[in-house]
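Okay, structure first, notes after.
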There are 4 protein chains.
Amino acid sequence: MADGRIPASGHIVREAGPPAPRRGRPRSAQADRAIMDAAAEVLAERGLAGMSIEEVAARAGVGKTTIYRRWTSRGTLALDAFLAEFQGQQPLPDTGSLHDDLLAALRAWIRSVTGTSAGPILASLIAEAQRDPGLAASWRGRVVERLRDQHKIMLDRAVARGEIAAGTDYDVVLDLMFGAAYHRLLQGHQPLTDKFARQVVDYVVAGLKRA
Amino acid sequence: MADGRIPASGHIVREAGPPAPRRGRPRSAQADRAIMDAAAEVLAERGLAGMSIEEVAARAGVGKTTIYRRWTSRGTLALDAFLAEFQGQQPLPDTGSLHDDLLAALRAWIRSVTGTSAGPILASLIAEAQRDPGLAASWRGRVVERLRDQHKIMLDRAVARGEIAAGTDYDVVLDLMFGAAYHRLLQGHQPLTDKFARQVVDYVVAGLKRA
Amino acid sequence: MADGRIPASGHIVREAGPPAPRRGRPRSAQADRAIMDAAAEVLAERGLAGMSIEEVAARAGVGKTTIYRRWTSRGTLALDAFLAEFQGQQPLPDTGSLHDDLLAALRAWIRSVTGTSAGPILASLIAEAQRDPGLAASWRGRVVERLRDQHKIMLDRAVARGEIAAGTDYDVVLDLMFGAAYHRLLQGHQPLTDKFARQVVDYVVAGLKRA
Amino acid sequence: MADGRIPASGHIVREAGPPAPRRGRPRSAQADRAIMDAAAEVLAERGLAGMSIEEVAARAGVGKTTIYRRWTSRGTLALDAFLAEFQGQQPLPDTGSLHDDLLAALRAWIRSVTGTSAGPILASLIAEAQRDPGLAASWRGRVVERLRDQHKIMLDRAVARGEIAAGTDYDVVLDLMFGAAYHRLLQGHQPLTDKFARQVVDYVVAGLKRA
DNA sequence: TCGTAACCGAGACGGTACGTCTGGTCTTTTT
DNA sequence: AAAAAGACCAGACGTACCGTCTCGGTTACGA
């Protein structure tokens, strides 16, 4: 599963059969919300490095155990709080042209990352994932792969339209495009401008049509 | 300067004039070496996340202040220990063809990153740089820019040979290529294979010639 | 009442009248037994300090509330578990001589306290009573006073036999004798030997006849 | 040693020889005082059961580690704070008569225990010692034995005067007398009155002269 | 025979305190 | 003036229990 979220009740996971009885007091949805809100708040104020479980618990008016019961680590909690906002800001454009689709997608990403507090948070989540294997797995499964699946649809359409060759390696194409963008976000050696977006897409599409 | 290393003597930096008298006991070169060795050792064993100043000091047989006197943070110490090995493993190929130059450079990078302990350390240094502005500055100045300057020489040669256009934006080209590589290193969603290196260089060069 | 045991049903205590209707599901005698057994087990293994309600509940296969419904505190539960064994090990000797009666009583107490697990448990119950007023009251009512009433019978008999004066302050006599014994149990500065028992009784009886 | 106090510096204990160099920063005497004062304060306010290391640290304006560096447990810290006041309140009377010496000593003990906050603290220290072997050892060594040595001097004098026999077992005599007093303190079944003191001493001295 | 009251096990809840770890600083003596 | 040593304050960590609460369900009585 690898989503960092700890499932309710210590029972063995059931594959099928009746809907499972659910014993004991159910998890409080209110606590859930309070924790997520508090986490998002602290995250925006101080970043992931300055976010302690202790403070999130205090702000949410919740015991620390109530957090530890749901998330395995600071990182996975932050990921959930982050995705609540970031998820859905990444559209799946359909302009009829690969070039314009990719450009729209990249622009949306850049806009999220430079225009909101998402940029540094996203960066620090990748950073945290380097030391928290559980978060790394969640990150790959819930962010990287999910976004990538969306983006592959654009490439599928381009193949269907005959714009690019059928055997194209989608992963490499997307690594080129988003790798460049993540590179600038993480290293900070150059700004994430709109001109950059256009240049990247131009190069990538040019390479695709030639290759 | 931004190299994270703290210069000897707390005196005001002298611009010119006599070679400066240097009062008091000079810094121990032996302590220097012991610290670097200990840091490299811990770094290899436990990674940056598991490296505490406390332990490095203990292993080096050195007081904590002796470390704090030389480096501003855990990250800058780790950077120094890292560069002692990584520096120089990145060659400046000159094959007479842009494609082969880029491929050789990327292959060297991938070899360092997958074949030695440098990969995870490099990743964790980038991670640490997200929370330590001093390290971020050092990282950009001593790693990113330095390597980039090397790589730009390859592109200069290609322009001179007439392989690519004169106005080409080197930064974007290098971001595409190395961005893709860093992307796979940091996200871990796909492996850093030789095939990947070839594909990336093919795409980038194709795009360059077309654009 | 002060016995730490909580009576069934939250109803107002009735003074007299019909035998009370008793509505709702009656308390499970099986749970009762399971709790007492589990408590005795943990008590023997880890002592009172290492006995948590949580673990007793888990071992007894019982919800924590089922325990809290019956006992006001860890101490009162432990007292019940303790008395189940200790009660009845303290005989009421009747040898025809005060000296021998007291000696038999003291010997029985010392045997319980040194020969079984009762010693440390008894000590830790007195310890716990210092911080739990409810337990302190129960302890006095159910252990100290009860035992004392028994011992006073021996003194009554001695008075009847003309062995000691009629006005003798029983409390002081018993405090001397058992105080010395408790002292050694709690401070551990000297062992509770049979010789000690004999000496104590000798001194006390000598003092009684003289005074 | 068994005094619960942790000696400074991690060095091996030296038996003899030069006064030892003492490396590193010495323990702060100011922190020492602040901790003791804070502990005494909390102890008086809430008793030992309500005294947490956390609060003592906070009140003393000191890090928790600074306390843990000096004392092995809550109990040994409390003992130190307690003895700072209690020690010295127990005189060594010399009236020329065993009866009057013992009475004066017992009265002084009762006065300390009933007239000041020492009573409940003393009781809770004995209680705590039942679960903390380190405290138990300190308690025996620093309180019980020390006081007992004082009291034995009174008995020595009585032997010298020919008041009591030479072979008298001092431990039993003192257990009788102070055992009775501790008994009332810990069980609370009867008050520690002056009449009680007189009766106890009368019985004990009567027993001694007869035996 | 049904409703209602009190019980049952499970487990989540808000808290407190634990003892440890590390960070970065400060204070000694020694070189 | 720098070194090694080690104590200093601060504060987060993750855990253990506390005593309470909220579920779904059971058991007995009395209407």
Side-chain angles (χ1 to χ4, degrees), chain A residues 8-11 21-28 30-31 50-55 57-58 60-70 72-74, chain B residues 8-11 22-28 30-31 51-55 57-58 60-70 72-74, chain C residues 8-11 21-28 30-31 51-55 57-58 60-70 72-74, chain D residues 8-11 21-28 30-31 51-55 57-58 60-70 72-74:
Chain A
S9 189
H11 290 309
R22 285 272 186 238
R23 306 215 284 165
R25 179 175 173 175
R27 295 243 178 105
S28 158
Q30 188 185 320
M51 179 186 111
S52 68
I53 297 280
E54 205 128 278
E55 189 180 358
V62 138
K64 283 199 284 178
T65 37
T66 301
I67 297 183
Y68 284 116
R69 202 175 286 121
R70 286 151 215 253
T72 54
S73 66
R74 183 176 71 154
Chain B
S9 188
H11 293 308
R22 287 270 191 239
R23 305 214 292 153
R25 177 173 171 177
R27 291 225 183 124
S28 157
Q30 188 186 321
M51 178 185 110
S52 68
I53 297 280
E54 207 124 283
E55 190 181 356
V62 139
K64 282 200 285 178
T65 34
T66 302
I67 296 181
Y68 282 116
R69 202 174 286 120
R70 286 152 216 250
T72 54
S73 66
R74 181 174 74 157
Chain C
S9 189
H11 292 309
R22 285 269 191 244
R23 306 218 289 156
R25 177 176 174 177
R27 294 234 181 112
S28 158
Q30 187 184 321
M51 178 186 111
S52 69
I53 295 282
E54 206 125 282
E55 189 180 357
V62 138
K64 282 199 286 176
T65 34
T66 301
I67 296 182
Y68 282 114
R69 202 174 287 121
R70 285 152 216 251
T72 54
S73 67
R74 180 175 73 154
Chain D
S9 190
H11 292 309
R22 284 271 187 242
R23 307 215 283 166
R25 178 174 175 177
R27 296 246 178 101
S28 159
Q30 188 185 321
M51 179 186 109
S52 70
I53 296 280
E54 206 129 279
E55 189 181 358
V62 138
K64 282 199 284 177
T65 38
T66 301
I67 296 182
Y68 283 114
R69 202 176 288 120
R70 285 151 216 255
T72 53
S73 66
R74 182 174 72 155

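Keep in mind that this is a model prediction, so the values were computed, not measured. Just so you know, these numbers use all the heavy atoms, side chains as well, and skip hydrogens, waters and symmetry mates. Proteins get letters first, then strands, A, B, ... in listed order; numbering begins at 1 in each.
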message: Applying salt bridge (Lys or Arg N to Asp or Glu O under 4.0 Å), can you list everything that pairs with B/Glu55, at least two apart in sequence or on another chain?
response: B/Arg46, B/Arg59
- request: Could you run through nucleotides 19-26 of chain E and give me one letter per nucleotide, 5' to 3': B if any protein heavy atom sits under 4.0 Å from the base, S if only the sugar-phosphate is that close, - if neither?
  value: BBBBSBBB
message: Below the 4.0 Å mark, does E/dC7 have OP1 or OP2 next to a side-chain nitrogen or oxygen of C/Ser28?
response: no
- prompt: side chain to side chain donor-acceptor pair (under 3.5 Å) with C/Ser73: which residues, sequence neighbours excluded?
  reply: C/Thr76, C/Asp132
field: Set of side chain to side chain contact (heavy atoms under 4.5 Å, CB included) partners for D/Thr65, sequence neighbours left out
entry: D/Arg69
query: How close or far is atom C1' of F/dT26 from atom CZ of A/Arg23, stated in whole angstroms?
result: 13 Å
query: Which residues satisfy the side chain to side chain donor-acceptor pair (under 3.5 Å) test with C/Glu54, sequence neighbours excluded?
result: C/Lys64
- line: When rounded to whole Å, the CD1 to C1' distance for the pair A/Ile67 and F/dA12 reads 13 Å
- line: On DNA chain E, more 5' by nearest nucleotide between C/Gly24 and C/Gly63 is C/Gly24
query: E/dG9 phosphate, OP1 or OP2: any side-chain N/O from C/Thr66 under 4.0 angstrom?
result: yes
CD1 on C/Ile53 to CZ on C/Arg74, rounded to 0.5 Å: 8.0 Å
- line: Residues at least two apart in sequence or cross-chain that pass side chain to side chain contact (heavy atoms under 4.5 Å, CB included) with A/Ala60, listed by chain then number, are A/Ala34, A/Ile35, A/Ala38, A/Val62
message: Would you say D/Arg69 places a side-chain N or O within less than 4.0 Å of OP1 or OP2 belonging to F/dC8?
response: yes
task: Can you tell me the distance, in whole Å, between the CZ atom of C/Arg27 and the P atom of E/dG9?
output: 12 Å
